[in-house]
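Please read all numbers here as calculations on a predicted model, not as lab measurements.
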Amino acid sequence: MKLLHLDSSILGDASASRQLSHAVVEAWAVTAPNVQVTYRDLASDAISHFSAASLVAAGTPAELRDAAQKHEAELAERTLEEFLAADAIVIGAPMYNFSIPSQLKAWIDRIAVAGKSFTYTENGPIGLAGGKTVVIASSAGGIHAGQPSGQAHEDYLIRVLNFLGIDDIEIVRAEGLAYGEKPRAEAMQGAAQRISELFATA
């Protein structure tokens, strides 16, 4: 099994979402010892944001691309190929200003590619990247799950993944982390319990 592990928090070792995503991957490795993990730290090794230069590079024949266009095209191809090849994906997704980190959004813009991960038909869009299992390691300073304030965070990720054909999605959540030491500890403990439950029967 090929597992793609993504982190997007800018907080390094102090990040709750990083702690949770790594715990998920470790638990997965126990239940699937032969798993092949590809790790991407989207904060320390950020993917450039989608831009006009991205479109120009994609539309330029390979033999005519300059160095910058070649780099841009290779980045896009590598990122998409990693996503499509993965059987499972673990996404570390903290909430920043009611949404996901821009680094994670940059990754999404590279994997949502018409004709590759989705297509439009007369009956509407069809996802082409189904068959994957995704675990979202979600963290937030406040309480947002199921609230309007969470629509650009977990809800957005689920909507994008569904659009790409992925419907096997689980969430490991720790929220209210900024409410004090006790609420933070309880939230992290609850998330750890959720991880144990997810892989108890795997």
### Query
Hydrophobic clusters join Ile, Leu, Val, Met, Phe, Trp and Tyr when side-chain heavy atoms are under 4.5 Å apart, directly or via other members; which others share one with Leu55?
Phe50
#### Entry: Donor-acceptor contact below 3.5 Å, side chain Arg65 vs main chain Ala57
yes
### Query
Of all heavy-atom pairs between Ala174 and Ala191, which one has the smallest distance, and what is that distance?
CB-CB, 4.2 Å
#### Entry: Arg110/Glu72 salt bridge by N-O under 4.0 Å criterion
yes
### Task
Check Val25, Asp87, Val30, Leu3 against Val35 for a side chain to side chain contact (heavy atoms under 4.5 Å, CB included) and give me the one that passes.
Leu3
### Query
With side chains defined as the heavy atoms from C-beta onward, is the minimum distance between Pro94 and Pro101 less than 4.5 Å?
yes
### Task
Return yes if some donor-acceptor pair links the side-chain N/O of His153 with the main-chain N/O of Ala93 below 3.5 Å, else return no.
yes
### Ionic contact status for Asp66 with Lys70, cut-off 4.0 Å
no
## Note on the structure
Of all heavy-atom pairs linking Asp167 and Asn162, the shortest is CA-ND2, 3.8 Å
### Message
Would the distance check show the side chain of Asp7 and the main-chain N or O of Asp41 forming a donor-acceptor pair, the cut-off being under 3.5 Å?
### Response
no
### Residues Phe118, Tyr120; criterion ring-ring contact (aromatic ring centres under 6.0 Å, His included); working and verdict
CA-CA 7 Å; Phe118 73 92; Tyr120 286 110; 5.5 Å; yes
### Message
Whether Glu82 and Lys2 form a salt bridge (side-chain N of Lys/Arg under 4.0 Å from carboxylate O of Asp/Glu) is what I want to check.
### Response
no
### Task
Tell me, with the steps shown, if His144 and Phe98 meet ring-ring contact (aromatic ring centres under 6.0 Å, His included).
CA-CA 8 Å; His144 303 283; Phe98 302 105; 5.7 Å; yes
### Message
Any side-chain to backbone donor/acceptor pair from Thr79 onto Ala76? Under 3.5 Å, distance only.
### Response
no
### Message
Could you check whether any side-chain N or O of Ser99 sits under 3.5 Å from a backbone N or O of Met95, counting only pairs where one atom can act as donor and the other as acceptor?
### Response
no
### Task
Give a yes or no answer on whether the side chain of Lys132 reaches the backbone of Leu161 with a donor-acceptor pair at less than 3.5 Å.
no
### side-chain hydrogen bond (donor to acceptor under 3.5 Å, both in side chains) contacts in which one or both residues fall within residues 172-191, not counting sequence neighbours
Glu154-Arg173
